[in-house]
Number of protein chains: 2
Amino acid sequence: MEAKVYTEIRALFTEYLTEKKLRKTEERYAIFKEICAFPGHFDVCMLSDRLEQDNFHVSKATLYNTLDVLVDAGLVVRHQITVQPVQYELRIYADTHLHLVCTRCGGIRELRNSALKADMRNLKVSRFTPEYYCLYVYGLCSKCKFKLQRSGK
Amino acid sequence: MEAKVYTEIRALFTEYLTEKKLRKTEERYAIFKEICAFPGHFDVCMLSDRLEQDNFHVSKATLYNTLDVLVDAGLVVRHQITVQPVQYELRIYADTHLHLVCTRCGGIRELRNSALKADMRNLKVSRFTPEYYCLYVYGLCSKCKFKLQRSGK
DNA sequence: TTTACTGCAAATATTTTGCAATATC
DNA sequence: GATATTGCAAAATATTTGCAGTAAA
């Protein structure tokens, strides 16, 4: 991620914490920084591993707490694509692509589609204030389709 | 659900079981029938409760197994909107609406949008065979927006 | 007759919670 | 100094698995 973008969204995080009178702890910023280092999806386990690698230990309780705060702040998106674990992604990434989910192997491919994004922006709904969108397209990836054809099922 | 529609999708289920050489058990059809009685989303617990009410006991293992079969058959859609439990819905319903998910209270409202459906039908993706899609619009429902405004947060 | 399917119970995995200690404001 | 936040461990919850018995093909 560009340093400029990182600085911008970090400022949004600080702004949110101030506004909600939440504390600016070292743990929260360390977790936030690590999240920004992921190029795409991640789960709690991956996040925890990365933090341990950097010798910054945080408890599971704090991880979940911080993720809740970031989701509430609108900076991180929660994806429940596979049953478990829940996957997360930076909102600035999620907004620009849709997700192709293979119903056979569970693999997820991201697809940029700015036209669709524009369509979504124009969506008007009564008694509801849209914040962001997630479009999941379920189907067969090419590998699984090939396997199914070969097995004749 | 209309009797005609029920008969049609039940036939599709039978066709799928035959094609995959899976067995046509009483449990599978009882579960399928109960699913068709739900007007919208349901989870494993709700499904189990309804079956018990009708004095048809099935084990959790069978419930999960049958749901997997129905999802594989493309007759039921799996929604992972809340962390747990996983929610399901008949595919014929899911295709015709998008989901408005409140980020505050978790409430889900369904919105019919046939224009969007047409857009999705036209979606072409390389090395991927789309089967169905789910569009989740996250945001604030009117109740939560009102509460937030009153609390001044 | 073969073996896929079922029920039950135990195992697994993730997320949540309670509480004492700590650090932010 | 008040209290939000943290870490740890235990609890809660959903889903999966192993295995013996049952029933569909």
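We name chains A, B, ... by the order of the sequence lines, and we start the count at 1 in each one.
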Q. Under 3.5 Å, is there a donor-acceptor pair between the side chain of A/Ser48 and the main chain of A/Val44?
A. no

Would you tabulate the side-chain donor-acceptor contacts of residues 27-36 of chain B under 3.5 Å, counting partners in other chains and residues two or more places apart, or write 'none'?
residue: B/Arg28; atom: NH1; partner: B/Arg23; partner atom: O; Å: 2.9
residue: B/Tyr29; atom: OH; partner: B/Thr14; partner atom: OG1; Å: 2.6

Q.
Tell me which residues in residues 63-71 of chain A lie within less than 4.0 Å of DNA chain C, going by non-hydrogen atoms.
A. A/Tyr64

Q. Who pairs with A/Thr18 by side-chain hydrogen bond (donor to acceptor under 3.5 Å, both in side chains), at least two apart in sequence or on another chain?
A. A/Lys24

Q) Residues in ring-ring contact (aromatic ring centres under 6.0 Å, His included) with A/Phe38, at least two apart? A) A/Phe42

Q) Under the salt bridge (charged side-chain N to carboxylate O under 4.0 Å, His left out) test, which residues partner B/Asp68, sequence neighbours left out? A) B/Arg78

Q) Between CG of A/Leu17 and CG of A/Leu12, what distance do you get to the nearest 0.5 Å? A) 11.0 Å

Q: Take the protein atom OH of B/Tyr29 and the nucleotide atom P of D/dA23, then report the distance between them rounded to whole Å.
A: 18 Å

Q: Sequence neighbours left out, what pairs pass side-chain hydrogen bond (donor to acceptor under 3.5 Å, both in side chains) with at least one residue falling in residues 1-12 of chain B?
A: none

Q | Shortest non-hydrogen contact between A/Met46 and A/Asp43, atoms and distance | A | N-OD1, 2.8 Å

Q. In whole angstrom, what separates A/Phe32's CZ from D/dT5's C1'?
A. 19 Å

Q: Go along nucleotides 20-25 of chain C 5' to 3' and tag each nucleotide: B for a protein heavy atom under 4.0 Å from its base, S when only backbone or sugar atoms are that close, - otherwise.
A: ---BBS

Q: For residues A/Cys102 and A/Leu140, report the shortest heavy-atom separation together with the two atoms involved.
A: SG-CA, 4.1 Å

Q: Keeping to residues at least two apart or across chains, list the salt bridge (Lys or Arg N to Asp or Glu O under 4.0 Å) pairs with something in residues 50-65 of chain B.
A: none

Q: Could you tell me the separation between the CD1 atom of A/Ile31 and the P atom of D/dT5, rounded to a whole number of Å?
A: 13 Å

Q | Set of side-chain contact (heavy atoms from CB on, under 4.5 Å) partners for A/Arg127, sequence neighbours left out | A | B/Arg109, B/Ser142

With the criterion being N/O to N/O and under 3.5 Å, what pairs connect the protein with nucleotides 8-11 of chain D, and how long is each?
residue: D/dC8; atom: OP2; partner: A/His57; partner atom: NE2; Å: 2.8

Q: Measure the distance from CE on B/Met46 to C1' on D/dA14 and round it to the nearest whole Å.
A: 16 Å

**Q.** Separation of D/dA14 C1' from B/Leu47 CG (nearest whole Å)
**A.** 15 Å

Q) Hey, what bend do you get for the helix from C/dT1-D/dA25 to C/dC25-D/dG1 if you fit axes on five pairs at each end, rounded to 10°? A) 50°

Q | Length of the CZ-P vector between B/Arg78 and D/dA14, whole Å | A | 16 Å

Q: Check side-chain hydrogen bond (donor to acceptor under 3.5 Å, both in side chains) between A/Glu15 and all other residues, then give those that pass, not counting sequence neighbours.
A: none

Q | Evaluation steps, side-chain contact (heavy atoms from CB on, under 4.5 Å), between A/Tyr16 and A/Val69 | A | CA-CA 9 Å; A/Tyr16 181 82; A/Val69 172; 4.0 Å; yes

